Amino acid sequence: MEYKEIVVATSNPHKMEEYSEMLSPLGFKVSSLKEYDIELNVEETGSTFEENSLIKARFISKILPNKIVLADDSGLEIKALNGFPGIYSARFMEDRPYPEKWKEIIKRLKGYSDKTANFTTVISLVNYRSKELTFEGKAFGKIVDIPQGENGFGYDPIFYSNELKKTFGVATAQEKNSVSHRSKALKKLVEYLKNN
Ligand code: ITT
């Protein structure tokens with residue numbers, strides 16, 4: 001496999017960190033938008049993770065037509081809330097700090113015995129041999145009644161991972177990366193690159 005530069009089209013520094021941690025050991029040069037002094041100023045008008053992921057990757061690839069660009073759209077889907085916040089995970093109570101969002105979600109789930117939830121990520125890769133590719137990953141678990149841990153970002157402290165048997169907020173970065181939605185989607189992508 002030929003090792004290449006991948007530009008990660010995200011404005012979320014936590015995502016950037018996770019991609020660096022996961023892709024660098026595989027020999028990729030992982031670049032951020034900061035390094036190119038560009039911003040991801042694009043509206044996420046799609047109705048699925050896949051559409052929004054492609055919107056972000058295409059937007060940056062127009063600015064950097066010679067680079068392989070990776071973007072992801074991701075979110076938390078809660079069964080009892082019919083998949084909410086889903087694609088709205090970043091926009092839900094957007095101007096409020098995460099502890100308030102956790103509290104509101106926990107409140108909305110009061111009375112439900114089934115607090116099943118999953119994180120989903122769809123990674124898009126564009127400009128790879130003139131192709132557009134998408135890969136999906138999911139992490140399964142449930143929403144806890146009391147946030148636990150301070151690691152990770154976003155909804156990690158309220159998401160109990162079935163695989164780790166603890167919240168992503170308590171898990172180390174390595175533990176989270178071993179089972180996360182993002183790492184599962186990324187593994188599919190890396191597998192594809194190895195074979196193509
Ligand atoms: P970019 O669009 O710039 O990449 P974003 O944070 O706005 O950054 P999304 O639109 O994909 O990205 O929204 C993802 C949101 O879903 C994110 O802001 C978190 O609230 C939540 N989320 C996604 N992955 C997560 C994870 O691994 N742990 C906790 N929360 C996560």
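Hydrogens, waters and symmetry mates play no part in the numbers below; they use all other heavy atoms, side chains included. Both ligands and their constituent atoms are indexed starting at 1 by order of listing. Since this is a predicted model, take the numbers as computed values, not measurements.
Atom 1 (P) of ligand 1 has T10 OG1, 3.4 Å as its closest protein atom, hydrogens excluded (heavy atom only). Shortest contact from atom 24 (N) of ligand 1 to any protein heavy atom: R182 NH2, 2.8 Å. At the top of the distance list for atom 16 (O) of ligand 1, counting protein heavy atoms only, stands S89 CB, 3.3 Å. Here the heavy atom of the protein found nearest to atom 2 (O) of ligand 1 is K56 NZ, 2.7 Å. What sits closest to atom 3 (O) of ligand 1 on the protein, heavy atoms only, is S11 OG, 2.5 Å. With respect to atom 14 (C) of ligand 1, the closest heavy atom belonging to the protein is S74 O, 3.1 Å. For atom 7 (O) of ligand 1, the closest heavy atom belonging to the protein is A90 CB, 3.6 Å. Closest to atom 27 (O) of ligand 1 among all protein heavy atoms lies K176 NZ, 2.7 Å.
A 4.5 Å side-chain heavy-atom check between I87 and E44 finds every atom pair outside the cut-off. Residues T167 and P147 form no side-chain contact, since every pair of their non-hydrogen atoms from C-beta on lies 4.5 Å or further apart. For the pair K142 and F159, the minimum side-chain heavy-atom distance is 4.5 Å or more. Using a 4.5 Å cut-off on side-chain heavy atoms (C-beta onward), H181 and T120 make no contact.
Within the set V42, I55, N12, the minimum heavy-atom distance to atom 6 (O) of ligand 1 is found for N12. Proximity annotation for atom 12 (O) of ligand 1: of E94, H14, E39, K15, K15 comes nearest, heavy atoms only. If you check each of Y98, Y155, F153, Y88 against atom 18 (O) of ligand 1, the one with the closest non-hydrogen atom is Y98.
Residues V8 and L64 fall into different hydrophobic clusters, defined by Ile, Leu, Val, Met, Phe, Trp and Tyr side chains chained together at heavy-atom separations under 4.5 Å. A continuous path of Ile, Leu, Val, Met, Phe, Trp and Tyr side chains, each step under 4.5 Å between heavy atoms, connects L109 with Y98, placing both in one hydrophobic cluster.
In this structure, F92 does not count as a contact residue of ligand 1, since none of its heavy atoms falls inside 4.0 Å of the ligand. Residue contact annotation: F168 has no non-hydrogen atom under 4.0 Å from ligand 1. Taking a 4.0 Å cut-off on heavy atoms, D156 registers as neighbouring ligand 1. Not a single heavy atom of G152 sits less than 4.0 Å from an atom of ligand 1.
No side-chain donor from either of N196 and Y128 sits under 3.5 Å from a side-chain acceptor of the other. Between the side chains of N12 and T10, no donor-acceptor pair is found at a separation under 3.5 Å.
Screening K110, K107, K115 for a salt bridge (charged side-chain N to carboxylate O under 4.0 Å, His left out) involving D145 leaves a single residue, K115. Exactly one of K176, R182, K101 qualifies for a salt bridge (charged side-chain N to carboxylate O under 4.0 Å, His left out) with D156. That residue is K176.
Those atoms of ligand 1 that come under 4.0 Å of a heavy atom in H181, given as number and element, are 24 (N), 25 (C), 26 (C), 27 (O). Close approach of ligand 1 to D73 (heavy-atom distance below 4.0 Å) involves ligand atoms 9 (P), 10 (O), 11 (O). For ligand 1, the atoms lying closer than 4.0 Å to a non-hydrogen atom of L40 are 3 (O). Numbered from 1 in the order shown, with element, the atoms of ligand 1 that lie under 4.0 Å from a heavy atom of G75 read 16 (O). Close contacts between ligand 1 and E44 involve ligand atoms 2 (O), 10 (O) [criterion: under 4.0 Å to a heavy atom].
Within the 4.0 Å heavy-atom criterion, neither part of I87 lies near ligand 1.
Using a cut-off of 4.0 Å between Lys/Arg side-chain N and Asp/Glu carboxylate O, K187 and E191 are scored as not salt-bridged.
To the nearest 0.5 Å, the span separating CG on N118 from OG on S161 amounts to 11.5 Å.
Considering backbone and side-chain N/O atoms, E18 never comes within less than 3.5 Å of an N/O atom of ligand 1.
Between F84 and F92, the gap from one ring centroid to the other is short of 6.0 Å.
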